[in-house]
Structure formats: structure tokens, C-alpha cells
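Have a look at the structure below, then the notes.
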Amino acid sequence: MSERDAIAWNENEIGTLTDKVGALKASMARVIVGQEQVIESLIICLLAGGHALVEGVPGLGKTLLVKSLAQATDMQFRRVQFTPDLMPSDIVGTEILEEDTVTRQRVFRFQQGPVFTQVLLADEINRAPPKTQSALLEAMQERAVTFAGTTHKLPRPFFVLATQNPIEQAGTYPLPEAQLDRFLLRIDVGYPSEDEEIAMVALTTHSVLQDAVPAMDVASLLRLQLLVRDIEIGEHLLRYATRLVRATRPQESRVASVLKHVGWGAGPRAGQALVLASKARALMHGRLAVTRDDIGAMLLPVLAHRVLRNFEAEADGVAIADILRALGDEIRVD
């Protein structure tokens, strides 16, 4: 019997698990001032079992955000600073030659790299060359690393959060579309409001900085990830999510903004991501069924990095958010 076949849910367990989701959000809010939407998107990505691409200018607390998530879920956390001289072996690991002190026999032993963790922060991922970026591809998709013909499984859960700085493009290597597609969500971290920034300065200049308190154990998180898969979605909403994704493709779209400003649309994996993220959002808000609002709320973070603007859009200053907003207005639920 598979793990999926053995699942049985009852109201008490569902209630306990959803309470832990609320406690997780509250624990992170102890450390992160404001940024409620960012925290929610990060938790949604975690519940859906995906990976997140976090984008924002320096100093907005992206690293602290990820660290607090690891603290609140009691997961192992590692951070890798991506640089132009970073090698794939610096991420996945390498083989070292060891000698037995008794037999003097020499053998190669695989030395695990920082990817063997539960929460991996790939800081400024676009500063490393493509060869190093691609070292994460198998890990993100297969939850495993193959080295010298041997496959090594990664811990469960395995959650990659990669950060990008949107304003410094000198000396960077844009992520290829194949790797961008492996991220479930792109989360944009914006500037805080004036009151939030005052509170942030006051909090971080104290003699003692607060840490996020554990609010969820790994076993509960894995159970929640299974529960997300069992959240109900109606046939009409499944069709609606699929139509939204298909409408991003200029070859078959009838949305004017897409036809004029999109060079390449999203693939089928985007539809899977949109439905899965919508299910996670529904659970986070205490519902066991997806609504149209869930799909609408996840449209931008799911598709923002999967839809490529053309030259005309860049010349006209049309943002991807504008295109997706027009798409959401045009496509209707049956």
C-alpha cells in the first residue's frame, strides 16, 4: 500500500493541522515586520511542496525571512552565497579519498554538499554561471543528487528559496527558462510602509533580536503537504485555471495584451502549479475547497516568471503584472 493509499483524514486532525499553519504565520510575524503577503506566499509555497524565487532589492530582509521560516518549522537550514567562481561541487558535494588507518586501503567517499538540507537558501542565484545554476535542477525536480553514477536522496521536506536582486544586472547570469519553471512561485518583496519601516528599525536596533519560535514540526508539515493534494477543486475551476494558462500563449490566445506584448507563454507545468498553489491557499485560509479568489490571488506569483514579454512590451514599459491583470479580466469562469 502506498503512502497516498493510506491517507485518512478526520476533522480533529485537519483542525489541528490548520491551527499549526496559523501558528507558523504568527511565529514568522514576530521577526518579520509587515510583509504579510510575502509571508503568506512563502508558506503557501511550502505547503504545496514547491520552491520559491524571491526577488527584491537589498536590505528588505529576504535572508531573515527564509531563516525565520526554518526556525519556525524546526527544519535544518543552510545558506549558499552564489558567486561567479562557485562550482557545482560546492553545492552538491564531491568525492574525497580516504585511507583506512588499519588496512591502509584507500577508498573514495562522497562528501555531501550544502544541498543536503531541508531549507536551502540560494542567495543571489543569478550571480553564478549557468553550469553552477544547473547543479540545482535535479535536486529541485527529483529531490535527489546523482554523483559518479550514484543517486543520493535529499532529506524530506526539501525546500529551495533562491533570491535575485532586480536592479544589479552587471556580472549576472539570467536563469534559463527551464530552471525558472522549476520554481512554483515568484515572490516579489517590496518596500515597507512608513510605519512598518519605523517598527523594523526599532526592532532591529535593540540589544536582543527575536527569533522565530518553533510552531510546526516536520511530521506535521509533511502531513499538511499531503492534505493540500486532497483539497477539492471543482471541474469548472480546473477548466478556468487551465484556460488562464493557455491564454498566455500568443499562438492560441485571444487576449489583446497577450497578443501584443507576450513573446512566449507558460507551459503545462504552470497549470499544475496554479492549481496546487490555489489548493494550498485555500487550506491556509481554513477552507477545504478552492474558490475563484484563490486562483486569482495565485495568478501573478505562479505565472510572473513563466510568461516572457517581447521587445515591444519592454519598449512600452508594460510590466508582466499588467499583462496578467488584463488576462484575469478577460478570462471568465464558466
Side-chain angles (χ1 to χ4, degrees), residues 42 45-46 48-55 58 62-101 105-165 168 171-187 211-212 217-219 221-222 225 305:
L42 202 59
C45 195
L46 180 67
H51 309 291
L53 181 64
V54 183
E55 192 167 291
K62 298 186 295 295
T63 302
L64 181 61
L65 182 72
V66 179
K67 185 178 179 181
S68 66
L69 176 68
Q71 290 174 338
T73 52
D74 205 21
M75 290 194 289
Q76 184 184 18
F77 167 72
R78 288 184 180 175
R79 175 179 178 268
V80 177
Q81 179 65 52
F82 278 62
T83 56
D85 60 347
L86 193 72
M87 299 296 292
S89 58
D90 295 327
I91 301 172
V92 300
T94 188
E95 284 187 334
I96 59 176
L97 184 63
E98 288 188 341
E99 183 180 280
D100 191 292
T101 56
Q105 184 179 6
R106 294 181 177 182
V107 294
F108 282 101
R109 180 177 65 84
F110 180 66
Q111 179 69 42
Q112 294 182 348
V115 74
F116 287 85
T117 187
Q118 292 173 313
V119 178
L120 176 68
L121 172 60
D123 219 352
E124 294 187 299
I125 188 172
N126 56 333
R127 290 205 175 279
K131 183 179 181 180
T132 303
Q133 292 175 5
S134 64
L136 278 178
L137 269 175
E138 182 187 12
M140 291 172 66
Q141 186 66 27
E142 307 297 335
R143 265 67 173 182
V145 167
T146 301
F147 191 93
T150 302
T151 299
H152 306 269
K153 292 291 185 182
L154 295 174
R156 293 184 61 210
F158 176 64
F159 188 37
V160 174
L161 291 105
T163 68
Q164 284 193 139
N165 181 349
E168 292 183 15
T172 62
Y173 303 83
L175 292 175
E177 286 71 23
Q179 185 153 6
L180 284 172
D181 204 28
R182 262 62 177 189
F183 290 101
L184 184 78
L185 303 181
R186 193 193 83 179
I187 303 172
D211 287 333
D217 56 274
V218 171
L221 175 57
L222 292 174
Q225 289 180 344
H305 57 298

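For clarity, every value in this text was computed on a predicted model and none was experimentally measured.
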Residues that D90 engages under salt bridge (charged side-chain N to carboxylate O under 4.0 Å, His left out), provided they are two or more places apart: none
message: As a quick check of understanding, evaluate side chain to side chain contact (heavy atoms under 4.5 Å, CB included) for V218 and D74, giving each step before the final call.
response: CA-CA 7 Å; V218 171; D74 205 21; 5.6 Å; no
field: Gap between atom CG of L69 and atom CG of L46 - 0.5 Å precision
entry: 5.5 Å
message: For L175 and L53: C-alpha separation, side-chain torsions, deciding distance, then whether side chain to side chain contact (heavy atoms under 4.5 Å, CB included) applies.
response: CA-CA 11 Å; L175 292 175; L53 181 64; 4.2 Å; yes
field: Closest approach of P84 to P129 (non-hydrogen atoms, all atoms of both residues)
entry: O-CD, 3.4 Å
message: In terms of relative ring orientation, are F116 and F110 parallel, tilted or perpendicular, with 30° and 60° separating the classes?
response: perpendicular
- prompt: About how many Å separate CG of D123 and OG1 of T83, when rounded to the nearest 0.5 Å?
  reply: 11.0 Å
task: Hey, could you give me each pair passing side-chain hydrogen bond (donor to acceptor under 3.5 Å, both in side chains) that has a residue in residues 139-149? Not counting sequence neighbours.
output: H51-R143, E138-T146, Q141-R182, T146-T151
statement: From the list I91, V92, V145, side-chain contact (heavy atoms from CB on, under 4.5 Å) with L136 holds only for I91
field: Straight-line distance of N126 CG to Q164 CD, nearest 0.5 Å
entry: 4.0 Å
field: Pairwise side-chain contact, L86 with V80, heavy-atom cut-off 4.5 Å (strictly under)
entry: yes
Considering all heavy atoms, the nearest V115-L154 contact: O-CD2, 3.7 Å
field: Over 12 foreign heavy atoms within 6.0 Å of CZ, R109
entry: yes
- line: Looking only at heavy atoms, the pair that brings L180 and H305 closest together is O-CD2, 3.0 Å
Working for side chain to side chain contact (heavy atoms under 4.5 Å, CB included), residues Q179 and Q133: CA-CA 8 Å; Q179 185 153 6; Q133 292 175 5; 3.6 Å; yes
message: Please check this pair: side chain of Q118 against backbone of R156, looking for a donor-acceptor N/O pair closer than 3.5 Å.
response: yes
task: Evaluate the side chain to side chain contact (heavy atoms under 4.5 Å, CB included) criterion for residues M75 and F77: first the C-alpha distance (whole Å), next the side-chain angles of each, then the deciding distance (0.1 Å), finally the verdict.
output: CA-CA 6 Å; M75 290 194 289; F77 167 72; over 6 Å; no
Side-chain touch T94/F147, heavy atoms, less than 4.5 angstrom: yes
- prompt: What is the distance from atom OG1 of T117 to atom CZ of R79, rounded to the nearest 0.5 Å?
  reply: 14.0 Å
query: What pair of heavy atoms forms the shortest contact from R127 to F82, and how long is it?
result: CB-O, 3.5 Å
- request: Indicate yes or no: at least one non-hydrogen side-chain atom of T163 is less than 4.5 angstrom from one of T63.
  value: no
message: Measuring only between side-chain heavy atoms, which start at C-beta, is L221 closer than 4.5 Å to F159?
response: no
